[in-house]
Amino acid sequence: MEDKWFVYRDGDWLYFHRSWTGALIYWVKLDFDTQSIAVSESWVNRESEQYSSTDTAYDRALVDYLIRGLLLKEQVLFPMPKMRGIRGLLFKLAGKAMMFQHSIVGSSSVPIRTVDDSRSG
């Protein structure tokens with residue numbers, strides 16, 4: 001029940017589906033060499049009925065967290081989208097940051113970092 005993502009590899013591609021809806025949200029192409037693996041291409045689902053985010057910087061940060069934090073079990077900070085103005089203040093005061101994190105990865109205990117919105121550039 002707490003698993004929020006269904007992640008699998010098919011050839012050079014890694015696919016990230018939301019486990020409850022089955023929607024494909026992210027897919028990344030991996031380049032392998034003898035000593036490392038790197039992401040050479042990445043895509044995000046922008047169908048608003050399936051995924052409402054439009055913040056590319058946040059999507060990059062979340063994919064990085066999913067790979068490093070969930071798949072590789074590294075100690076990394078959970079990315080939190082930056083919320084501006086009164087919305088951001090209310091979000092923090094209401095404790096919604098923990099609920100948001102839990103809705104994304106099934107835990108609210110990972111330290112967070114804020115990611116600036118990329119829509120301005």
Side-chain angles (χ1 to χ4, degrees):
M1 179 106 171
E2 294 304 313
D3 291 336
K4 306 297 182 182
W5 295 93
F6 173 66
V7 182
Y8 67 95
R9 184 179 143 212
D10 185 9
D12 292 342
W13 290 89
L14 195 58
Y15 298 91
F16 297 83
H17 292 259
R18 290 307 299 223
S19 62
W20 287 25
T21 64
L24 174 62
I25 305 300
Y26 303 115
W27 55 109
V28 298
K29 186 174 184 189
L30 305 173
D31 279 345
F32 301 87
D33 70 27
T34 57
Q35 306 240 333
S36 66
I37 301 172
V39 173
S40 63
E41 192 174 331
S42 61
W43 295 88
V44 61
N45 182 345
R46 291 293 187 222
E47 290 290 328
S48 60
E49 298 82 32
Q50 295 178 12
Y51 184 58
S52 61
S53 176
T54 59
D55 184 353
T56 301
Y58 181 73
D59 289 320
R60 286 180 180 143
L62 183 55
V63 167
D64 181 69
Y65 175 82
L66 293 173
I67 292 171
R68 294 175 55 214
L70 292 183
L71 297 179
L72 300 176
K73 304 291 187 202
E74 293 179 9
Q75 295 292 319
V76 293
L77 298 175
F78 178 80
M80 184 66 70
K82 184 167 187 168
M83 303 209 181
R84 300 186 193 311
I86 191 71
R87 182 174 178 227
L89 178 61
L90 292 173
F91 193 83
K92 288 178 185 175
L93 291 175
K96 289 187 177 183
M98 289 174 48
M99 292 187 299
F100 175 79
Q101 183 185 41
H102 191 274
S103 74
I104 300 296
V105 293
S107 170
S108 59
S109 61
V110 178
I112 64 172
R113 69 182 176 92
T114 302
V115 177
D116 281 324
D117 188 331
S118 67
R119 285 178 278 187
S120 61

Taking D33 for the side chain and S36 for the main chain, is one N or O donor matched with an acceptor at less than 3.5 Å? yes

**R46 (side chain) donor-acceptor with S53 (main chain) under 3.5 angstrom** = yes

One should read off an interatomic distance between S42 OG and D64 CG, to the nearest 0.5 angstrom, of 11.0 Å

Check your understanding: Where the side chain of N45 meets the backbone of L24, is there a donor-acceptor pair that is under 3.5 Å apart?
Key -> yes

Checklist line | Cluster check F6, L30: I/L/V/M/F/W/Y, side chain < 4.5 angstrom | finding: no

Fill in: CD/Q75: more than 12 non-hydrogen atoms of other groups inside 6.0 Å
no

key: Heavy-atom side-chain contact between W5 and S19 under 4.5 Å   = no

request  = Check the pair L14, Y8 against side-chain contact (heavy atoms from CB on, under 4.5 Å), reporting the backbone distance first and the verdict last.
outcome  = CA-CA 6 Å; L14 195 58; Y8 67 95; over 6 Å; no

Following the transitive rule for hydrophobic clusters with a side-chain heavy-atom cut-off under 4.5 Å over Ile, Leu, Val, Met, Phe, Trp and Tyr, establish whether V39 and Y65 coincide in one cluster. yes

Derivation and outcome, side-chain contact (heavy atoms from CB on, under 4.5 Å), residues L71 and L66
CA-CA 6 Å; L71 297 179; L66 293 173; 5.9 Å; no

Margin query: Between D31 and I37, does the side-chain contact (heavy atoms from CB on, under 4.5 Å) criterion hold? Intermediate values first, please.
Written below: CA-CA 6 Å; D31 279 345; I37 301 172; over 6 Å; no

Following the transitive rule for hydrophobic clusters with a side-chain heavy-atom cut-off under 4.5 Å over Ile, Leu, Val, Met, Phe, Trp and Tyr, establish whether L62 and W27 coincide in one cluster. no

In short, R18 meets K4 closest at the heavy-atom pair NE-O, 3.3 Å

### Query
Do the side chain of R68 and the main chain of L70 share a donor and acceptor less than 3.5 angstrom apart?
no

Evaluate T56 against D59 for side chain to side chain donor-acceptor pair (under 3.5 Å), listing each step before the verdict. CA-CA 5 Å; T56 301; D59 289 320; 5.3 Å; no

Check: Do H17 and Y26 have ring centres separated by under 6.0 Å?
Finding: no

**Asked** With a cut-off of 6.0 Å (strictly less than), are more than 12 heavy atoms of other residues, nucleotides or ligands near CH2 of W43?
**Response** no

Apply side-chain contact (heavy atoms from CB on, under 4.5 Å) to residues I25 and Y15 and explain how you reach the verdict.
CA-CA 8 Å; I25 305 300; Y15 298 91; over 6 Å; no

With a 4.0 Å cut-off on N to O distance, would you call D55 and R60 a salt bridge? no

